[in-house]
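Being a predicted model, the structure only gives us computed values, none of them experimental. Index from 1, following the sequence.
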Amino acid sequence: AAEGADLMKATQLKARKKLLRFQRSKIHDWGLVALEPIEAEDFVIEYVGELIRPRISDIRERHYEKMGIGSSYLFRLDDGYVVDATKRGGVARFINHSCEPNCYTKVISVEGQKRIFIYAKRHIAVGEEITYNYKFPLEEKKIPCNCGSKKCRGSLN
Ligand SMILES: Nc1ncnc2c1ncn2[C@@H]1O[C@H](CN(CC[C@H](N)C(=O)O)CC2CN(CCC(c3ccccc3)c3ccccc3)C2)[C@@H](O)[C@H]1O
């Protein structure tokens, strides 16, 4: 019974959302910082937003661009669907890109709903900024990358 409880506790620890804070980032404007140590493969946070169909996301993206909001809080899924965290989203929308990220994203269907979960690739120390690879498609108009990592590709797209 004891080991069962320990296993339960360990699982909860791994699955529990981590203590994070959004604050000024060295990479860009605002970012998300770890307030507690995070172990490799721990669940960090879910990228929460509205799941919208490809056509709707194109319309919204044009609208945001017109409003000068630029690359808004849109997280594109492989099938063209988009999770839009602009109006209603969690703090995960403040996570910046890195060419050597300390996290990775996983899209998991839960009751038919696609959701984006962010996990640690490695141990993350207190105070470290949470990052993942945006995997933006290559584009003409480059967004210069400021991740500062040795293997930086120089741009996000
Ligand atoms: N490694 C990197 N190197 C260089 N640049 C990087 C890197 N990683 C991320 N970025 C930048 O961050 C972007 C991703 N970003 C991640 C978080 C970001 N740091 C932030 O501080 O918001 C979320 C988007 C930034 N936008 C802000 C909209 C906001 C707004 C609009 C106008 C003026 C002020 C603010 C807005 C406000 C209200 C409603 C809707 C939108 C959304 C990338 O597209 C890139 O531009």
Shortest non-hydrogen contact from N96 toward S25: ND2-OG, 3.2 Å
CZ/R21: more than 12 non-hydrogen atoms of other groups inside 6.0 Å: no
Linked, directly or transitively: L77 and I45 (ILVMFWY side chains, under 4.5 Å): yes
Rounded distance [0.5 Å steps], CZ in R115 versus OG1 in T105: 15.0 Å
Greater than 12 external heavy atoms within 6.0 Å of D78's CG: no
Contact summary for E129 and N102, nearest pair of heavy atoms: O-ND2, 2.8 Å
Heavy atoms from other residues, nucleotides or ligands near NZ of K26 exceed 12 (cutoff 6.0 Å): no
Heavy-atom side-chain contact between N146 and H28 under 4.5 Å: no
Shortest non-hydrogen separation from K121 to C103 and the atoms involved: CD-O, 3.6 Å
same_hphob_cluster(V48, I130) at 4.5 Å side-chain heavy-atom cutoff: no
Shared hydrophobic cluster, M67 / V82 (ILVMFWY, side-chain heavy atoms < 4.5 Å): yes
Gap separating the CG atom of L74 from the CD1 atom of I52, nearest 0.5 angstrom: 6.0 Å
Any residue meeting ring pair (Phe, Tyr, Trp, His ring centres under 6.0 Å) with F117, in chain and number order, not counting sequence neighbours: F43
Rounded distance (nearest 0.5 Å) linking atom NE2 of H97 with atom OG of S149: 7.0 Å
Path from I108 to Y104 over hydrophobic side-chain contacts below 4.5 Å: yes
Heavy-atom side-chain contact between E100 and C147 under 4.5 Å: no
Residue R153 excluded, over 12 heavy atoms near CZ under 6.0 Å: yes
Under the side chain to side chain donor-acceptor pair (under 3.5 Å) test, residues paired with N133 that sit two or more places apart: none
Side-chain heavy atoms of W30 within contact of R24, under 4.5 Å: yes
Nearest-0.5 Å distance that lies between atom CG in L32 and atom CD in E128: 12.5 Å
Heavy-atom check, side chain of K114 versus side chain of D79, under 4.5 Å: yes
Parallel, tilted or perpendicular: rings of F94 and F22 (30°, 60°): parallel
Euclidean distance, D84 CG relative to R60 CZ, rounded to 0.5 Å: 5.0 Å
Student check: side-chain heavy atoms of L20 and I38 closer than 4.5 Å: yes
Counterpart residues, side chain to side chain donor-acceptor pair (under 3.5 Å), relative to K135 (two or more places apart): none
Verify same cluster id: F136, I27 (apolar side-chain graph, 4.5 Å): no
Centroid-centroid under 6.0 Å between Y134 and Y132 rings: yes
Heavy-atom closest pair, residues A92 and I118: CB-CD1, 4.2 Å
pair S155-I143: side-chain heavy atoms closer than 4.5 Å: no
Pairwise side-chain contact, Y81 with V107, heavy-atom cut-off 4.5 Å (strictly under): no
Full working for side chain to side chain contact (heavy atoms under 4.5 Å, CB included) between L138 and N157: CA-CA 4 Å; L138 294 179; N157 54 352; 5.8 Å; no
For K87 against Y64, the heavy-atom pair lying closest together: NZ-OH, 3.7 Å
